[in-house]
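Heads up: the structure comes next, in structure tokens.
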Amino acid sequence: MSLAVVIACSVMLGIGAVCALVRAERGPSMLDRVVAVDVVVATVLGSVALVSAWTLRSDLVPVLVVLALVGFIGSVTVARFAAADRDEEKRILTREEAKAEREARRRAELEESGTEEGS
């Protein structure tokens, strides 16, 4: 395998990983984030396979199998939890929405504790 091929593959894997990390950070839904993490796992697998092919090391094949299994089990687990959530819980809140929700909860708790003391 020539050095130019290894460099080209490394650059493409790096670009794919960066794009996937950006999607995982910005993704509006949980599904976008899960798919992005799957792409990152796939790029790590590709990187290990590239190193294995470049150095002619066959002892990295079990590492590839373990990484593939971990990625698959992680994806299935997250997909199972995402499927169990209600539609309004699947979306990750923005900072402003989370702050407003905390304040609403705090006001509700204060009102509840105020009515209990008045009873």
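When reading the values below, keep in mind they use all heavy atoms of this one structure, side chains included, and skip hydrogens, waters and symmetry mates. Quantities reported herein were computed from a predicted structural model and do not represent experimental measurements.
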| task | State, with a plain yes or no, whether a side-chain heavy atom of Val41 is found less than 4.5 Å away from one of Leu67. | result | no
| Which residue, Glu97, Arg102, Arg95, forms the side-chain contact (heavy atoms from CB on, under 4.5 Å) with Lys99? | Arg102
| Honestly curious: do Val5 and Leu13 fall in one hydrophobic cluster under the side-chain, below-4.5 Å linking rule? | yes
| For Val76, what are the other residues in its hydrophobic cluster, where any two members join if their side-chain heavy atoms are less than 4.5 angstrom apart? | Phe72, Ile73
| Pairs meeting criterion side chain to side chain donor-acceptor pair (under 3.5 Å) with involvement of residues 43-57, two or more places apart | Arg57-Asp59
| message | Under the salt bridge (charged side-chain N to carboxylate O under 4.0 Å, His left out) definition, can you give me all pairs with a residue in residues 11-28, not counting sequence neighbours? | response | none
| request: Just jot down the side chain to side chain contact (heavy atoms under 4.5 Å, CB included) partners of Ser58, sequence neighbours excluded, or say none. | output: none
| task | Taking side chain to side chain donor-acceptor pair (under 3.5 Å) as the test, write out the residues that go with Ser75, two or more places apart. | result | Asp38
| field | Connected via hydrophobic side-chain network under 4.5 Å: Val44 and Leu60 | value | yes
| said: Ignoring hydrogens, what is the shortest heavy-atom contact between Ala36 and Ala20? Give both atom names and the distance. | reply: CB-O, 3.2 Å
| query | With sequence neighbours left out, what residues match Arg105 under salt bridge (charged side-chain N to carboxylate O under 4.0 Å, His left out)? | reply | Glu101
| message | With a 4.5 Å cut-off on side-chain heavy-atom distances among I, L, V, M, F, W and Y, is there a chain of contacts connecting Ile15 to Leu50? | response | yes
| said: With a 4.5 Å cut-off on side-chain heavy-atom distances among I, L, V, M, F, W and Y, is there a chain of contacts connecting Leu45 to Val51? | reply: yes
| message | Is there a continuous path of hydrophobic side-chain contacts, each under 4.5 Å between heavy atoms, that joins Val61 to Val48? | response | no
